[in-house]
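These notes concern the structure reproduced below.
Residues: numbered from 1 along the sequence shown.
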Amino acid sequence: MKSFTSGLLLWMVFFPAFSQEAGNFDLKYQRCEWTVDPNVAELSGKITYYFTGVQNDVREVSFNLSPGMTIDAVERNNASLSYSRSDNVIRIDLPEAVSTERSDSLSISYHGVPDPTGFGSYVRSQHNGVPIVWTLSEPYGAEDWFPCKNDLTDKVDSIDIFVTAPDGNRVASNGVLVSVTPTTADRNIHHWKMRYPVAAYLIAIAVTNYAVYSDWYNRSDADKLEILNYVYPERLETRKTETPAIIPILQFFEEKFGRYPFSDEKYGHAEFGWGGGMENQTMSFMVNFGYELMAHELAHQWFGDMITCGSWHDIWLNEGFATYATALFQEKTYPADWENWKISRINDVTSVPDGSVYRYDISSNSVIFPNRYTYSKGALVLHMLRFVLGDEQFFDALWNYAHDPTLQFNFAFTADLRNHFEAVSGKDLSEFFDTWIYKEGYPVYDISVNQTSLDNASVTIRQTPSHASVSCFKMPLPFKFFGTENESSEFVFYNDLPEQSFTFDPGFQISNVVFDPDKWILCKSQLALTTGIDVVDNDLILNVLPNPAQDFVTVNVKPGISASWVLSDVSGKTLKTGGPVPENEFVIDLSGFYPGVYLITFLTDAGKITKKLMIAKK
């Protein structure tokens, strides 16, 4: 899910009540029958469930349904079942016990006017004056419009959806459209089926006068995936120019994460009226068709739909992944957007000093889905993990995570992800995950660079965490150093103390330093460069004249300084050497050298000095 509407009202949704009976049975199949009219507020439906016990002697099961919806009947084989209702929980007595080996079924018929909560759950609105109904159930909204097992412990293995709607409407939903069957009274039954496991919050419908067309992702002549688009007819021609952009995104994600998880069915888009997008399984609901939103919702089909966070505390496994997957596509395709993405996300997170990726409070949408932590910081944690491990190990671990048979079409927790990164890298990442996921804030660096000679410099790093939950963020820190002669070198220093110094040989006189030039680290920083070298590009130590030269150059050396020298081409191949030369002035013979650019490196008592030398045509 991704929202572009910063001013969107977030209705408070308190953590729903679940009963012990919700965990004692396993949903196998679900038949959903709904009657929907975009002109009418009331919804009626019947949900039939097939299930087994997760233990023996299960005699009671429970489902969630909003108290505002009226139950008409609870039945098994057309016989009424006794049930009780408390708040949002329906407890149903079974006439016969079920077990791990014995299945059963029951149906709940109901009706009412859904009370939209959260991000909407069940919304009636308009586009171009035409009524539309759409659903968005994440995180707790599914029970607002149908009885369900509204938790993150059980996916129903298979589902059929039958929506009866007035003529002139099309129904967008999960899986494959099987049929549209006319009935009496100018209505049609739209039958969708999905044969992949699905969490309750990812079941969705949208009903209006959609225009429909398909794009195709062709892996080969025999291997094609339909991208089915349900769009507002008033925007049909525009959308036809926009949706094909999903093809290169899909190809890129398959290269990085593996085959699209629901390839036996479809991928699709349905236009709707919320201020962002929602990754309903196999058909994302979209407010627009910019490449970033399309990429974000598509990435969720791997991370969020196939592998779903096992608790809303771990929602970053959905949203941080989709956010970073979009950025990875930017890195490959839109480098300027990639650079802006890194800067803007770091600025977003560091605009306040606190906040964790792990969501301790999951009582409402506003605390589960803050962009700064669930999206931006979650994505930047993956970005830093990539820097810590390197691309090969990072993407190998990500591939293994996406292909873990115990996680595919199931639920995952942060510990599952960590296990895969540790297995590939061989590193203990407990401290990394603890400080960056479970604790708060980010490091603030005060960095000073001091050079005392050409071959000796130091970096001093003083770290102040922005939040008291972390004493020190232990991270490799990258630097790039630039010299007076356009030289450059890169160093990485591992900072694991609040104050720490590192010495190194830059190989040249430093004129500028850039900390974290590629924006790998989530932090704030300030940097100062000082130098005690009595050297600039003049005759304080030595100079080379004339330059450009032809047959010879004269080297002037500061009195008391001894210098050896190496003449090389720009590739570093040694062509001529001399010294040590104690004289204050000496000549290097250049006769026989072709015109071009050369390097003279002087090894002096004051350090190593490299000069560019141009030999001109005679």
Side-chain angles (χ1 to χ4, degrees), residues 342-343 346-347 349-350 353 380-381 383-390 425 427-436 439-537 540-541 561 601-610:
K342 290 184 285 186
I343 294 169
I346 291 172
N347 289 342
V349 177
T350 59
L380 289 171
V381 166
H383 186 56
M384 290 187 290
L385 193 55
R386 177 183 169 191
F387 176 63
V388 169
L389 301 184
S425 68
K427 295 182 178 180
D428 180 356
L429 297 172
S430 56
E431 187 160 29
F432 179 93
F433 275 78
D434 182 52
T435 54
W436 286 111
K439 293 183 179 177
E440 300 187 50
Y442 50 84
V444 180
Y445 297 113
D446 183 4
I447 302 168
S448 58
V449 177
N450 182 48
Q451 187 173 18
T452 56
S453 66
L454 290 176
D455 59 358
N456 187 275
S458 65
V459 171
T460 299
I461 301 165
R462 298 174 181 86
Q463 180 193 144
T464 305
S466 68
H467 191 270
S469 63
V470 179
S471 60
C472 181
F473 289 89
K474 299 180 181 181
M475 288 291 292
L477 302 181
F479 291 80
K480 189 167 186 176
F481 299 89
F482 298 89
T484 57
E485 298 287 335
N486 296 319
E487 312 97 325
S488 67
S489 60
E490 298 183 32
F491 290 85
V492 176
F493 305 111
Y494 189 78
N495 173 224
D496 58 0
L497 295 172
E499 183 169 346
Q500 206 165 13
S501 293
F502 304 88
T503 58
F504 65 103
D505 177 3
F508 49 78
Q509 182 181 352
I510 300 171
S511 62
N512 189 32
V513 184
V514 177
F515 168 62
D516 192 19
D518 296 317
K519 299 292 183 293
W520 286 107
I521 312 300
L522 170 57
C523 68
K524 282 186 174 181
S525 66
Q526 61 180 12
L527 186 149
L529 169 64
T530 59
T531 178
I533 300 178
D534 188 21
V535 170
V536 290
D537 192 14
L540 289 179
I541 290 291
I561 297 294
T601 300
F602 298 91
L603 303 176
T604 76
D605 299 337
K608 183 170 64 175
I609 303 172
T610 299

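Not one N or O on the side chain of Ser458 forms a donor-acceptor pair closer than 3.5 Å with the backbone of Phe502. In this structure a side-chain-to-backbone donor-acceptor pair under 3.5 Å is present from Ser466 to Tyr442. The backbone N or O of Glu440 sits less than 3.5 Å from a side-chain atom of Ser469, completing a donor-acceptor pair. In this structure a side-chain-to-backbone donor-acceptor pair under 3.5 Å is missing from Asp518 to Trp520. Checking side-chain atoms of Lys427 against main-chain N and O of Val388 turns up a donor-acceptor pair under 3.5 Å. The closest donor-acceptor contact from the side chain of Ser525 to the backbone of Tyr445 lies at 3.5 Å or more, if one exists at all. Formation of a donor-acceptor pair under 3.5 Å by the Gln509 side chain with backbone atoms of Gln451 is not found in this model.
Annotation: side chain of Pro443 is not in contact with side chain of Met475 (no heavy-atom distance under 4.5 Å). With contacts defined as side-chain heavy-atom distances shorter than 4.5 Å, the pair Ser511/Leu529 does not qualify. Side chains of Phe479 and Leu527 form a contact here, defined as non-hydrogen atoms less than 4.5 Å apart. By the 4.5 Å heavy-atom criterion applied to side chains, Lys519 and Ile343 are counted as neighbours. Taking 4.5 Å as the limit, some side-chain heavy atom of Leu477 sits within range of a side-chain heavy atom of Ile521. A 4.5 Å side-chain heavy-atom check between Phe508 and Thr484 finds every atom pair outside the cut-off. The side-chain heavy atoms of Ile447 and Val459, taken from C-beta on, include a pair separated by under 4.5 Å.
The salt bridge (Lys or Arg N to Asp or Glu O under 4.0 Å) pairs that include a residue from residues 441-450 number zero, where partners must be two or more places apart or lie in different chains.
Applying the side-chain hydrogen bond (donor to acceptor under 3.5 Å, both in side chains) criterion to Lys524, with sequence neighbours excluded, gives no partner residue.
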- Message: Under the criterion side chain to side chain contact (heavy atoms under 4.5 Å, CB included), I'd like the reasoning laid out for Phe433 against Val381: C-alpha separation, chi angles, the key distance, then a yes or no.
- Response: CA-CA 9 Å; Phe433 275 78; Val381 166; 5.8 Å; no
Side-chain atoms of residues 489-497: list all donor-acceptor pairs with protein atoms under 3.5 Å, sequence neighbours left out, distances to 0.1 Å.
from, atom 1, to, atom 2, distance (Å)
Asn495, OD1, Gln463, NE2, 2.8
Asn495, ND2, Leu497, O, 2.9
Asn495, ND2, Gln500, OE1, 2.9
Asp496, OD1, Gln500, NE2, 2.7

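Of the inter-residue distances, the one linking Cys523 atom SG with Phe473 atom CZ reads 10.5 Å to the nearest 0.5 angstrom.
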